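Data first, discussion second: the structure below is written as structure tokens.
Note that this is a predicted model, so its numbers are computed, not measured.
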Amino acid sequence: TAELNTRAERRLTMETSLARVIGQDTMTIKSKSQSTWGTNTIELALVLDNTGSMASSNKMTELKKASLDLLKIMKDASTATDQIRVSIVPFATQVRLPTSYKDASWLRYDQTRTTGSGRSRTTETITKSTWTGCISDRDKPYDVNDASPGANATLYPADFCAQSSLTPIRPLTSDWTALESTVNAMTPVGNTNVTIGAAWGMASLSQGAPLPEAAAATTPDAMPSLAE
């Protein structure tokens, strides 16, 4: 915890009444106070709706503005390296990661899509070479919890992107420029799947796969927080 000290001093001169009989016409009153407070180690996940409905009524513009304002507050409050770290999880029906994760052991490649019709109808299975970063919900019940990936049902399904412009997740970091860049890159697209956003928000605050950047649960004064 980084400690900050604040000190206030007040001096006030007042006219006397009873003390006038002994020749003292005024009296000086002084007050001093000091407060010490600390900023905990904070890990904050911003789970941000990037669906098509955010295009109406200036919603996306206002979401970006509010997010950037919050990032500035967090940056200004940080007094030590990595004291405050933030992750950003843009979501629609899927979430997206950089394709540098393609060899991760917690991904599985078994999702399919069908294109064409009639005799031209074909079914294609996702592969590492065709994956562009999108991930769909895990199998139930793992889609709504933070269970560590292991057995096939617990793995995260790499999938064809429903929307190619979905902004990738930014894992926990104190790189404020990178965080601002992620917010500014967001565009409203597609339908809504709040579950996957919340699940990846939790994942970004948990140690281990798929996003291992979080501090250990035993870290003193650590405060993980999820904001949607």
Side-chain angles (χ1 to χ4, degrees), residues 45-55 59-60 63-64 67 86-117 120-140 142-173 175 177-206 208-214 228:
L46 298 182
V47 178
L48 304 179
D49 186 349
N50 275 215
T51 56
S53 62
M54 297 297 290
K59 292 177 184 176
M60 179 56 76
L63 176 62
K64 287 184 177 182
S67 299
V86 179
S87 63
I88 299 177
V89 181
F91 71 91
T93 56
Q94 301 170 316
V95 293
R96 193 174 188 183
L97 287 171
T99 54
S100 56
Y101 285 89
K102 67 180 181 179
D103 294 320
S105 60
W106 41 264
L107 283 174
R108 74 176 203 243
Y109 291 89
D110 57 5
Q111 302 299 292
T112 62
R113 68 176 177 185
T114 301
T115 59
S117 60
S120 300
R121 186 181 179 89
T122 59
T123 299
E124 178 185 6
T125 301
I126 193 78
T127 64
K128 291 182 181 181
S129 61
T130 58
W131 184 59
T132 54
C134 289
I135 298 175
S136 294
D137 289 300
R138 290 202 285 181
D139 293 346
K140 295 180 179 179
Y142 305 106
D143 59 330
V144 293
N145 64 38
D146 197 29
S148 298
N152 189 69
T154 68
L155 300 180
Y156 293 85
D159 206 347
F160 298 98
C161 286
Q163 305 293 338
S164 60
S165 60
L166 182 62
T167 300
I169 290 172
R170 177 75 62 180
L172 279 175
T173 182
D175 184 337
T177 300
L179 289 164
E180 291 165 1
S181 175
T182 295
V183 170
N184 286 322
M186 296 190 310
T187 56
V189 62
N191 296 317
T192 306
N193 178 5
V194 175
T195 300
I196 198 167
W200 277 87
M202 289 190 297
S204 74
L205 298 175
S206 304
L211 302 175
E213 290 81 7
E228 296 182 83

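Side-chain contact between Y101 and I169: absent, with no pair of heavy atoms (C-beta onward) separated by less than 4.5 Å. Counting only heavy atoms from C-beta outward, the side chains of T130 and E124 approach each other to under 4.5 Å.
No more than 12 heavy atoms of other residues, nucleotides or ligands sit less than 6.0 Å from atom CG of N191. Within 6.0 Å of NZ in K102 there are 12 or fewer heavy atoms belonging to other residues, nucleotides or ligands.
Among residues two or more places apart in sequence or in another chain, the side-chain contact (heavy atoms from CB on, under 4.5 Å) test is passed with S129 by T127. Every residue two or more places apart in sequence or in another chain that forms a side chain to side chain donor-acceptor pair (under 3.5 Å) with K128 is listed here: D103. Legend: residues meeting side-chain contact (heavy atoms from CB on, under 4.5 Å) with S165, ordered by chain and number and at least two apart, are T187, V189. For D175, the salt bridge (charged side-chain N to carboxylate O under 4.0 Å, His left out) criterion is met by no residue, not counting sequence neighbours. Residues passing the side-chain contact (heavy atoms from CB on, under 4.5 Å) test with L166, sequence neighbours excluded: N50, A92, R96.
Going from atom CZ of R170 over to atom CG of L46 covers 13.0 Å, rounded to the nearest 0.5 Å. Between atom OG1 of residue T132 and atom CZ of residue F160 there is a gap of 9.0 Å, rounded to the nearest 0.5 Å. Taking CG of D143 as the start and OG1 of T195 as the end, the distance is 6.5 Å to the nearest 0.5 Å. For the atom pair CZ of F91 and CD1 of I196, the computed distance is 10.0 Å after rounding to the nearest 0.5 Å. Note that CG of L107 is 7.5 Å distant from CG of L97, once rounded to the nearest 0.5 Å.
Although no hydrogens or angles enter the test, the distance criterion places a donor-acceptor pair under 3.5 Å between the side chain of Q94 and the main chain of A162.
Side-chain contact annotation: T115 with T122, donor-acceptor N/O pair under 3.5 Å present.
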Going by atom type alone, with no hydrogens or angles, which donor-acceptor pairs under 3.5 Å involve a side-chain atom of residues 144-152 and a protein atom two or more places apart or on another chain?
unit_1 : atom_1 : unit_2 : atom_2 : d
N145   : OD1    : A147   : N      : 3.1
N145   : ND2    : P141   : O      : 3.3
D146   : OD2    : S206   : OG     : 2.3

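If you run side chain to side chain contact (heavy atoms under 4.5 Å, CB included) between R108 and each of I126, D159, D139, only D139 comes through.
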